[in-house]
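The next block holds one structure in the form of structure tokens; read it before the comments.
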Number of protein chains: 2
Amino acid sequence: MSSALRPDPDREPALRLSEFLPYRLNVLAETVSEGLARSYGTRFGISVPEWRVLATLGEFRSMTAKAVGAHSRMGKVKVSRAVAALEGRGLVRRRRNEADLREAFLVLTPEGERLYRKIVPLALAHVERLTAGLSAADRAHLDRLIDLVMRRSRELGGALPENGNG
Amino acid sequence: MSSALRPDPDREPALRLSEFLPYRLNVLAETVSEGLARSYGTRFGISVPEWRVLATLGEFRSMTAKAVGAHSRMGKVKVSRAVAALEGRGLVRRRRNEADLREAFLVLTPEGERLYRKIVPLALAHVERLTAGLSAADRAHLDRLIDLVMRRSRELGGALPENGNG
DNA sequence: TATTGTTATACTCTATAACTATA
DNA sequence: TATAGTTATAGAGTATAACAATA
């Protein structure tokens, strides 16, 4: 261990990376995602996009792919692939919409529902452990702060990508 | 717009994705990163790992690749590639460590320093805009909450990947 | 012509591990 | 034997656009 982890005393560091909000948010999100993946993602062989679709259908029961994407902030390509994977595993089923044959309603199969109900308590328990050090007021505050920064970030032009030719 | 974005009234949704902290953190980090990339990432043709190396060297002046990785939470492979790219563009230079020839000290070249000093005010201004809706107390609170959740997440097993055979 | 959704292509990213050179 | 760092390989992820079907 040869070089020291302290700023050069001669120079005013213009920016401390470890205090830079975008960096902090990235590292935090990454670390949390990883922990989550370890605690059940790997176990159930489910990717993040697949989990988002599963969670959305578990919550809303029946939705078009477009609506799923709107709710879980994914583009249509990502949704399409996640749905195909879930359908291939018998977790999701399509119901044609007679009123508009371009789209279909997606629903969880009984197996999908079972998996959803198996994952949810684990997910909630994980968040519980994650926020164990926070008071109820802290948690509410955190939610509010995330919403505020999120809104500002969207206003500043951070939208979702991949909406190519839609 | 055929299907509605509201929960099925018959069922108690077991989990609301839009309130699920890991999801929220992911979307927030993604949105912020994107906005940042738009405001100057693309403009200077610099990737996130490259930016992290640049920022670390700008802050600490001279460090080994290992120390850079430790400070910016990246594995040695990612650091190595980012450094190679920056070196290729004349932004970073290596200084051999006579005391241990396995490692080298990395420093910004004058051009690297110039780029760093050009990006930093933009980065800081971006964060400023991002947190414009927050009071000073809110910002401090947000920092504290991020630290807390971060620490918990690490305790729960969210470390950094890729440390393969190191 | 516009919209929903799928597929094809190409490209980036990156994990893993093998490797080099020093220690 | 262990460590700093590089490179090779291969696989995952995904943006973009072209496409098909329907409206």
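These values consider heavy atoms only, across backbone and side chains, with no hydrogens, waters or symmetry-generated copies. Since we're looking at a predicted model, the values are computed, not measured.
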Handout entry: Donor-acceptor contact below 3.5 Å, side chain B/R16 vs main chain A/E59
Key = no
Could you go over nucleotides 8-10 of chain D and give all protein N or O partners under 3.5 Å, atom names and distances?
from, atom 1, to, atom 2, distance (Å)
D/dA8, N6, B/R81, NH2, 2.8

Completion exercise
Atom CD1 of A/I46 and atom P of D/dG13 are separated, to the nearest Å, by 13 Å
Problem - side chain to side chain contact (heavy atoms under 4.5 Å, CB included) against A/D138, all qualifying residues, sequence neighbours excluded - result: A/L134, A/S135, B/H141, B/R144, B/L145
Handout entry: Salt-bridge present (B/E128, B/R139; N to O < 4.0 Å)
Key = yes
Practice task
For B/R95, check salt bridge (charged side-chain N to carboxylate O under 4.0 Å, His left out) against everything at least two apart and list the hits.
Solution key: none
Exercise for the section: For the pair B/E113 and B/R117, find out whether any cationic side-chain nitrogen is under 4.0 Å from an anionic carboxylate oxygen. Expected result: yes
Exercise for the section: Report yes if a side-chain nitrogen or oxygen of B/R96 is closer than 4.0 Å to either non-bridging phosphate oxygen (OP1 or OP2) of D/dA4; otherwise report no. Expected result: no
Completion exercise
Rounded to whole Å, CD of A/E87 lies from P of C/dG5 at a distance of 13 Å
Fill in the blank from the handout: Here the pair of heavy atoms bringing B/F105 nearest to B/S62 is CB-OG, 3.4 Å
Exercise for the section: Under 4.0 Å between any heavy atoms, over every strand shown, what does A/A104 touch: base, sugar-phosphate, or nothing? Just pick one. Expected result: sugar-phosphate
Problem - Integer-rounded Å distance: C/dT20 C1' and B/L101 CG - result: 14 Å
Exercise for the section: Ignoring backbone atoms, test whether B/K76 places a side-chain nitrogen or oxygen under 4.0 Å from the OP1 or OP2 oxygen of D/dA4. Expected result: no
Problem - Upstream residue (5' side of DNA chain D) when A/R102 and A/P49 are each assigned their closest nucleotide - result: A/P49
Practice task
Would you tell me if any nitrogen or oxygen in the side chain of B/S80 comes within less than 4.0 Å of OP1 or OP2 on D/dG5?
Solution key: no
Completion exercise
Whole-Å distance, A/M63 CE to C/dT4 P, equals 14 Å
Exercise for the section: Please tell me which of B/E98 and A/A65 maps to the more 5' nucleotide of DNA chain C, matching each residue to the nucleotide holding its nearest heavy atom. Expected result: A/A65
Practice task
Can you tell me the distance, in whole Å, between the NZ atom of B/K78 and the C1' atom of D/dT7?
Solution key: 17 Å
Problem - Gap between atoms CD and P, on A/E34 and C/dT14 respectively (whole Å) - result: 13 Å
Practice task
Round to a whole Å and report the spacing from CD of B/E103 to C1' of C/dT20.
Solution key: 16 Å
